[in-house]
> 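The structure is given below, and queries will be raised subsequently.
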Amino acid sequence: ETLYLTCSGFGYPTPSITWEKNGLPLTSDQRIKIQGGSLRVINLALEDTGTYTCIVMNDEEKVEDTVSIQVTPFDLLPSTCVDSASKVKCSLIVAARLCGHTRYSRPCCESCQREKTRIMQQSSTILG
């Protein structure tokens, strides 16, 4: 799997954009590709789990946005993925983007997997 994160910022003077993982600066390497406000991590592994922060900064201001990523190996995913919660509840969980939280994704496994597939297809169409 591949993780795609994007970040943008505008201002004068033109801001720089940097990325951190768990409070430490990220730089491009064989698996991590940073290009402006785009961060791509290929061949995701358990060690890619963490808090990713985009920092947009110029001489006048510094703005940060953070997202927590939890990598789950395929062999730990449930083999039968069926929503145990109501369709209405699951559609609300998906709409609120809570599928990344185990508490919400487990009872709505099928809906969250369907949304993940939709996002991945959309990302590969945009980036690909």
> Of the non-hydrogen atoms in I34 and L26, which two are nearest, and what is the gap between them?
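Where I34 meets L26 most closely, the heavy atoms are CD1-O, 3.5 Å.
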
> Locate the shortest heavy-atom distance separating C108 from I93; write the atom from each residue and the value.
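Smallest heavy-atom distance, with atoms named: SG-CD1, 3.6 Å.
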
> Just to verify, what does R114 make a salt bridge (charged side-chain N to carboxylate O under 4.0 Å, His left out) with, not counting sequence neighbours?
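If we apply the salt bridge (charged side-chain N to carboxylate O under 4.0 Å, His left out) test to R114, skipping adjacent residues, the hits are E110.
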
> Hey, does L3 have a side-chain heavy atom less than 4.5 Å from the side chain of I69?
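Sidechains of L3 and I69: in contact.
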
> How far apart are the closest heavy atoms of P107 and C90, and which atoms are they?
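Distance-wise, the nearest heavy atoms are O-SG, 3.9 Å.
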
> Mind checking side chain to side chain contact (heavy atoms under 4.5 Å, CB included) for K33 and listing every partner two or more places apart, or none if nothing turns up?
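Only R40 meet the side chain to side chain contact (heavy atoms under 4.5 Å, CB included) criterion with K33.
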
> Kindly check if the number of other-residue, nucleotide or ligand heavy atoms within 6.0 Å of CD (E47) is above 12?
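It does: E47 CD has more than 12 such atoms within range.
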
> Of all the heavy-atom pairs spanning C99 and V94, show the shortest one and how long it is.
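Smallest interatomic distance, heavy atoms only, reads SG-CG2, 3.8 Å.
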
> Enter the distance from L39:CG to E20:CD here, rounded to the nearest 0.5 Å.
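With rounding to 0.5 Å, CG (L39) is 12.0 Å from CD (E20).
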
> Please report the shortest heavy-atom distance between T6 and S38, naming the atom on each side.
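Nearest pair, atom of T6 first, then S38: CG2-OG, 4.1 Å.
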
> Please list all pairs passing the salt bridge (Lys or Arg N to Asp or Glu O under 4.0 Å) test where one or both residues lie in residues 80-107, with sequence neighbours left out.
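Listed once each, the pairs would be none.
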
> How long is the straight-line distance from OG1 of T2 back to CZ of R31, given to the nearest 0.5 Å?
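Answer rounded to 0.5 Å: 10.0 Å.
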
> Got a sec, which residues hit side chain to side chain contact (heavy atoms under 4.5 Å, CB included) with L92, two or more places apart in sequence or on another chain?
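Side chain to side chain contact (heavy atoms under 4.5 Å, CB included) check on L92 returns V88.
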
> Are I32 and Y4 grouped together when hydrophobic residues (ILVMFWY) are joined by side-chain heavy atoms under 4.5 angstrom apart?
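No, no single cluster joins them.
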
> Return the CG to CH2 distance between L24 and W19, rounded to the nearest 0.5 Å.
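Answer rounded to 0.5 Å: 15.5 Å.
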
> Sequence neighbours left out, what passes salt bridge (charged side-chain N to carboxylate O under 4.0 Å, His left out) with E64? Give chain and number order.
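In terms of salt bridge (charged side-chain N to carboxylate O under 4.0 Å, His left out), with neighbours along the sequence ignored, E64 is linked to K62.
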
> Report yes or no: do V67 and L44 belong to one cluster of Ile/Leu/Val/Met/Phe/Trp/Tyr joined by side chain heavy-atom distances under 4.5 Å?
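Same cluster.
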
> What donor-acceptor contacts under 3.5 angstrom involve side-chain atoms of residues 51-61, with partners at least two apart or in another chain?
residue	atom	partner	partner atom	Å
Y52	OH	D48	O	2.7
T53	OG1	T66	OG1	3.2
N58	OD1	E60	N	2.8
N58	OD1	E61	N	2.9
N58	ND2	P13	O	2.8

